[in-house]
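For reference, positions follow the sequence shown, starting with 1.
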Amino acid sequence: MPELAQPHHNSFCVRFAQEPLPGQPLVLTKEDRKNFPQKLKCIQSIIGAYGPLVSLPYVRGGMLVLDILRASDDLAQISPEQILEDLRRTHDEIQRNAHSSDPKPHTVAVTSYNLLPILHALKNGFTDANNPPVLSIDGSNHLLPIPTAADFTEPSPEDLHQKTGEFRIVGLRRDDANGHRLLITRDDLIVHCPLNDPKWAWAAIRDVLNCDAWLRGTIQRPGRGSPWRVCAETAIILQPSLPGVA
């Protein structure tokens, strides 16, 4: 049987009410009752991420508690220090992604995607600095990260299927049967050119290999995993090298 952590050792602790005085009942204020569902969602999200590695939730004083269990032989043990590091790293990853000039979907930007529900629950359940949730490790309390709504910025589904701008061309593949392909610098995307369109014929585009060249306009794809293709208004802009400049 898994062994429960000792009181105040290796536990997630989410306060939902003030600690009662010795011998006194636990009293829930109107504010406590209002906020309790979000606090419970935080606990549920932790269970969803760590499953059999945490105990069933129980109440200790005015806190909801989940003990970190010792894994059985068929489960990989995760230390409480690693759990804390993973949560903080995931928070850092979504923050960096949100402030990036080219944010990626969280499925790409985040190492431990399964921890995002915990961060969402922390964002919704703890909008102020009072009684923040902690991970108690060997009697020492460590604050869990509290993201803001802005930290979760990622591209909309529409953005994932369309890009507009100027993209430097770094490669070209000839394919007379299916349409030539450009390699552009942003994410090293391969962009398919239309077949049987004089604007995108080999003779019209081959000079991209001899000078600085840019793809200006919009590229699209019908869905994730489909190839990128140029739109009707998209064009190649050539910038010949200056004489004497390599």
Side-chain angles (χ1 to χ4, degrees), residues 49 82 85-120 123 145 147-246:
Q82 185 64 53
E85 180 182 334
D86 290 345
L87 285 168
R88 288 174 172 174
R89 186 197 64 244
T90 304
H91 184 213
D92 289 342
E93 288 173 341
I94 64 170
Q95 280 190 320
R96 287 197 303 269
N97 188 60
H99 292 92
S100 169
S101 59
D102 185 25
K104 302 293 190 295
H106 286 157
T107 51
V108 176
V110 173
T111 305
S112 302
Y113 187 75
N114 63 309
L115 299 184
L116 284 182
I118 299 178
L119 294 182
H120 275 289
K123 168 182 68 73
T148 66
D151 292 338
F152 290 91
T153 300
E154 62 176 330
S156 67
E158 293 76 15
D159 293 334
L160 294 176
H161 305 316
Q162 177 172 305
K163 296 178 184 288
T164 299
E166 288 192 355
F167 312 93
R168 187 179 180 88
I169 299 172
V170 296
L172 173 63
R173 177 181 177 183
R174 183 169 185 171
D175 188 339
D176 295 321
N178 302 295
H180 311 304
R181 300 170 193 176
L182 300 168
L183 179 64
I184 61 176
T185 51
R186 183 176 296 183
D187 300 324
D188 288 333
L189 295 181
I190 296 175
V191 182
H192 291 238
C193 302
L195 186 63
N196 300 324
D197 185 336
K199 177 181 174 181
W200 300 100
W202 182 255
I205 67 174
R206 62 186 178 187
D207 285 342
V208 301
L209 301 177
N210 302 321
C211 59
D212 289 337
W214 302 79
L215 191 64
R216 177 185 294 170
T218 299
I219 58 175
Q220 291 180 328
R221 60 179 178 177
R224 192 189 298 269
S226 301
W228 290 96
R229 300 186 183 277
V230 297
C231 295
E233 76 282 1
T234 305
I236 291 175
I237 308 299
L238 300 179
Q239 183 178 343
S241 300
L242 296 175
V245 177

Are any side-chain N or O atoms of Asp197 and backbone N or O atoms of Pro194, one a donor and one an acceptor, separated by less than 3.5 Å? no
Tell me whether the rings of Phe152 and His120 are parallel (<30°), tilted (30 to 60°) or perpendicular (>60°). parallel
Can you confirm whether Leu195 is buried at CG, in the sense that more than 12 heavy atoms of other residues, nucleotides or ligands lie under 6.0 Å from that atom? yes
Assess whether side-chain contact (heavy atoms from CB on, under 4.5 Å) is satisfied between Ile169 and Trp214, documenting all intermediate values. CA-CA 5 Å; Ile169 299 172; Trp214 302 79; 5.7 Å; no
Arg216: what forms a side-chain hydrogen bond (donor to acceptor under 3.5 Å, both in side chains) with it, not counting sequence neighbours? Glu166
What closest approach, in Å, do Ala150 and Ala98 show between heavy atoms, and which atom pair accounts for it? O-CB, 3.4 Å
Rounded to the nearest 0.5 angstrom, the OG1-CZ distance for Thr234 and Phe167 is 8.0 Å
With side chains defined as the heavy atoms from C-beta onward, is the minimum distance between Pro145 and Leu119 less than 4.5 Å? yes
Given 3.5 Å as the limit, does a donor-acceptor pair link the side chain of Thr90 with the main chain of Asp86, or not? yes
Show me the donor-acceptor pairs, under 3.5 Å and distance only, between side chains in residues 170-177 and residues at least two apart or in other chains.
residue: Arg174; atom: NE; partner: Asp176; partner atom: OD1; Å: 3.3
residue: Arg174; atom: NE; partner: Asp176; partner atom: OD2; Å: 3.1
residue: Arg174; atom: NH2; partner: Asp176; partner atom: OD2; Å: 3.4
residue: Asp175; atom: OD1; partner: Ala177; partner atom: N; Å: 3.1
residue: Asp175; atom: OD1; partner: Asn178; partner atom: N; Å: 3.0
residue: Asp175; atom: OD1; partner: Asn178; partner atom: ND2; Å: 3.4
residue: Asp175; atom: OD2; partner: Asn178; partner atom: ND2; Å: 3.2

Do Ile94 and Leu116 come close enough that some side-chain heavy atom pair is under 4.5 Å? yes
May I ask you to say whether Asp151 pairs ionically with Lys123, meaning some side-chain N is under 4.0 Å from a carboxylate O? no
For a quick test of reading the model, state the closest non-hydrogen atom pair linking Trp200 to Cys193 and the distance between them. CE3-SG, 3.7 Å
Option passing side chain to side chain donor-acceptor pair (under 3.5 Å) with Gln220 (candidates Gln162, Lys163, Arg229, His161): Gln162
Test side-chain contact (heavy atoms from CB on, under 4.5 Å) on Ile236 and Val208 and set out the steps. CA-CA 8 Å; Ile236 291 175; Val208 301; 3.7 Å; yes
Tell me, with the steps shown, if Val191 and Leu183 meet side-chain contact (heavy atoms from CB on, under 4.5 Å). CA-CA 6 Å; Val191 182; Leu183 179 64; over 6 Å; no
Out of Asp212, Asn210, Asp207, which one pairs with Leu238 under the side-chain contact (heavy atoms from CB on, under 4.5 Å) rule? Asp207
Main chain of Gln95, side chain of His99: is a donor-acceptor contact present, judged purely on distance under 3.5 Å? yes
Mind checking the CG-CG spacing from Asn97 to Asp92? Nearest 0.5 Å is all I need. 12.5 Å
Looking at every non-hydrogen atom in both residues, tell me the closest pair between His192 and Arg181 and how far apart they are. CE1-NE, 3.4 Å
Lys199 (side chain) donor-acceptor with Ala232 (main chain) under 3.5 angstrom: yes
Considering all heavy atoms, the nearest Pro198-Ala204 contact: O-CB, 3.6 Å
Identify all side-chain donor-acceptor contacts of residues 108-115 below 3.5 Å with residues at least two apart in sequence or on another chain.
residue: Thr111; atom: OG1; partner: Glu93; partner atom: OE2; Å: 2.6
residue: Ser112; atom: OG; partner: Arg89; partner atom: NH2; Å: 2.6

